[in-house]
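To start, the structure under review is shown below, and the notes come after it.
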Amino acid sequence: NMYCMSTSENDPKSMMRVMGPSCGHVQTLLAACGAIATVCGGHAPPSTHASTPLHSQAVVDRQTVVPNLKMALHHVTASLSNEPPGFCALAETLDTWSKSDGCNSAPQFLSAFCKDHIVVSGGSLSLIVDNHTCNQPSFPQCGPTTHPFGGANIAGPSVYYGNISTVMKPAAGHSVTTGLVAYNGPSFGLGFNGADLTKVGLAVGNGHYNVALPFNAGKGFHRYDMIWGNGTAELYVDGIQMSMTPPLKPSDVPTTPMNLMIDTYACGASWCGAQLDCATECPTATAITYVAYTPAGTAEVPCTNPPPPPAFCDSGAQLAVAWTPLDECHKPPNNGTDRSSLAYMPDHVIITPGGEIELTASDNITEDSRGHWYCSKVFGISQGAGLVTGASLIHYGSVSVMLKTAGAGATTSIQLGDLNATGVGMTVEAVGTAPHTVKLQVNAVVATATLAFDPSMATHNYTVVWTPDNITFQIDGHVVHTVVEGVPQGALAISVSAVPTTVNGCAIATLTSVAYTPTATTPIECGVGWPIE
């Protein structure tokens, strides 16, 4: 498989303007072939209360390695002194691996790679395939005409001689392909076809080997160990060595370090068989509890989750530095009549002299300093919105947002994650007259609460309290709703936005501060005027 995709990034320093002319838009195209994964550093997702896998102990426990597997590892010798370090990544660490946008070429790849198709739940990382492809404004070649399905791809660290192990359950479904492969031109790893999960393919260099399994891999979690040596390759499943057909050719075995990649997608190539039928087979998902690499001659690295995100309180100067405007077009699917047809524009995000962020929702699509449209009106886009994203992830604990919402003709939203997949949100639509309401959302489930005030007239405190078992919404310290079903388990990004809802309107939301306090930690004091409870 050709694991090569591209992604666009915006220089945040070029987009935030401080009461002045719009800065230029810097766009960089990055080739991601063989790219080593980026890890979130100080903003990595935290551990959970029960992220240790709870499946069959004989399968999952990495400390109980069978004698045959120990013997196989004993005979593998590395030839590099600078071989990659070992690791063991549980679900929440896997969620920090590099997540792909874009797509690979059809017809082999019929799925666009969507970050919102990657979800942490119940101690596993799920890579989802369905017929809800994601918005790809930077990659028009990845649209639903050629890529009608959604899928997922993540890239991890480099590996070499030793043991690449995982506990996983691959996705079922016709033509659904799941790969866990070290790749750098040649490859080394597993490939499943969801139409028949009683067998698995083992890619070794440019060779392909078939392995019959004693079970249906899609029915439960199993441990897979790929032993990679100098001229040798072996596969163990639940501690039992598997036979490969045809016999291994030592010349096929790769001889250089390669980077791990995991993907799940709908395949349209002839060798993938009948195409996925989403009417009966979607959604489907690959679930992974951990991926580990043990270099030859070394001890296994214990499985640990990354540290929790740090507490913070962003106000004043911190807002200008830590919060990044979104610069993105949402093209209309129906000649501009769909309300999702928006231009998220950096010049709709303004830092006031008092250190607050103003988010503008309007019908104004402005030109940048070079005379180019952010989003062309020929696509039917005529409305502009302001959205900023925080630098830190949010997880268990409480996040409080001091906010004056936009007035009539706009909605103001506080969002954790993606509400179309896994997310938490509070959305206020000011209608000019009472009663004023707020939508409270966890994933796709929405509840509504009535406000006793006009939220666009003054600043109020909107708080989400998040535990492993429930989500509680508070406004000015009063509980307005609690959710216990479908509570997200992995860390989520936070954003605040103002979006127009009527034609010929203009409204401004004012963001004063955002504070996050992880569970069992002390709040960090914000700027002057921030109440510490």
Any side-chain heavy-atom pair from [X] and [Y] closer than 4.5 angstrom?
{"X": "T166", "Y": "I288", "result": "yes"}
{"X": "Y290", "Y": "L90", "result": "yes"}
{"X": "T389", "Y": "L326", "result": "no"}
{"X": "I164", "Y": "I227", "result": "no"}
{"X": "Y236", "Y": "Q241", "result": "yes"}
{"X": "I471", "Y": "V464", "result": "yes"}
{"X": "H147", "Y": "L110", "result": "no"}

Side chain to side chain contact (heavy atoms under 4.5 Å, CB included) with [X]: which residues, sequence neighbours excluded?
{"X": "V465", "value": "S398, T463, T472, Q474"}
{"X": "S105", "value": "none"}
{"X": "P85", "value": "none"}
{"X": "A195", "value": "H174, N193"}

Mark yes or no for whether [X], through its side chain, and [Y], through its backbone, hold a donor-acceptor pair below 3.5 Å.
{"X": "T298", "Y": "P295", "answer": "yes"}
{"X": "W228", "Y": "P254", "answer": "yes"}
{"X": "Y293", "Y": "S158", "answer": "no"}
{"X": "D130", "Y": "C282", "answer": "no"}
{"X": "W466", "Y": "P488", "answer": "yes"}
{"X": "N163", "Y": "D225", "answer": "no"}
{"X": "Q415", "Y": "G417", "answer": "yes"}
{"X": "H395", "Y": "P309", "answer": "no"}
{"X": "Y161", "Y": "P257", "answer": "no"}
{"X": "T519", "Y": "G397", "answer": "yes"}

Out of curiosity, [X] [atom1] to [Y] [atom2], how far, rounded to the nearest 0.5 Å?
{"X": "T146", "Y": "Q141", "atom1": "OG1", "atom2": "CD", "value": "8.0 Å"}
{"X": "L260", "Y": "I154", "atom1": "CG", "atom2": "CD1", "value": "9.5 Å"}
{"X": "I494", "Y": "I394", "atom1": "CD1", "atom2": "CD1", "value": "5.0 Å"}
{"X": "L94", "Y": "S126", "atom1": "CG", "atom2": "OG", "value": "11.0 Å"}
{"X": "D263", "Y": "L127", "atom1": "CG", "atom2": "CG", "value": "8.0 Å"}
{"X": "S175", "Y": "Y265", "atom1": "OG", "atom2": "OH", "value": "9.5 Å"}

Check side chain to side chain donor-acceptor pair (under 3.5 Å) between T286 and all other residues, then give those that pass, not counting sequence neighbours.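 Partners of T286 by the side chain to side chain donor-acceptor pair (under 3.5 Å) criterion, ordered by chain and then number, come out as T178, T264.
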Go through the structure and list residues passing side chain to side chain donor-acceptor pair (under 3.5 Å) with S413, not counting sequence neighbours. T427
Looking at D101, T96, D95, which hits side chain to side chain donor-acceptor pair (under 3.5 Å) with K99? D95
Could you report the tightest heavy-atom contact between [X] and [Y], atom names first, then the distance?
{"X": "A171", "Y": "T284", "answer": "CB-OG1, 3.5 Å"}
{"X": "P468", "Y": "V487", "answer": "O-CG1, 3.9 Å"}
{"X": "A152", "Y": "F113", "answer": "C-CD2, 3.7 Å"}
{"X": "A155", "Y": "W97", "answer": "O-CB, 3.2 Å"}
{"X": "F188", "Y": "A233", "answer": "CE1-CB, 3.6 Å"}
{"X": "Y516", "Y": "P518", "answer": "CE2-CG, 3.5 Å"}

Contacts of F192 that satisfy ring-ring contact (aromatic ring centres under 6.0 Å, His included) - sequence neighbours left out: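 ring-ring contact (aromatic ring centres under 6.0 Å, His included) check on F192 returns Y224.
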Among residues two or more places apart or on two chains, list those pairs meeting disulfide bond (SG atoms under 2.5 Å apart) that have a residue in residues 165-227.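 Applying disulfide bond (SG atoms under 2.5 Å apart) to every pair that reaches into residues 165-227, excluding sequence neighbours, yields nothing.
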Mind jotting down which residue pairs meet the disulfide bond (SG atoms under 2.5 Å apart) criterion with at least one end in residues 237-274? Sequence neighbours excluded, please. C267-C272
Going by the salt bridge (Lys or Arg N to Asp or Glu O under 4.0 Å) test, which pairs reach into residues 178-202, not counting sequence neighbours? D196-K199
Enumerate the salt bridge (Lys or Arg N to Asp or Glu O under 4.0 Å) contacts for residues 148-171, please, sequence neighbours excluded, ordered by first and then second residue. none
Expected list for residues 203-220: side-chain donor-acceptor pairs under 3.5 angstrom, two or more places apart:
residue : atom : partner : partner atom : Å
Y209    : OH   : K249    : N            : 3.0
Y209    : OH   : D252    : OD2          : 2.6
N216    : OD1  : G218    : N            : 2.9

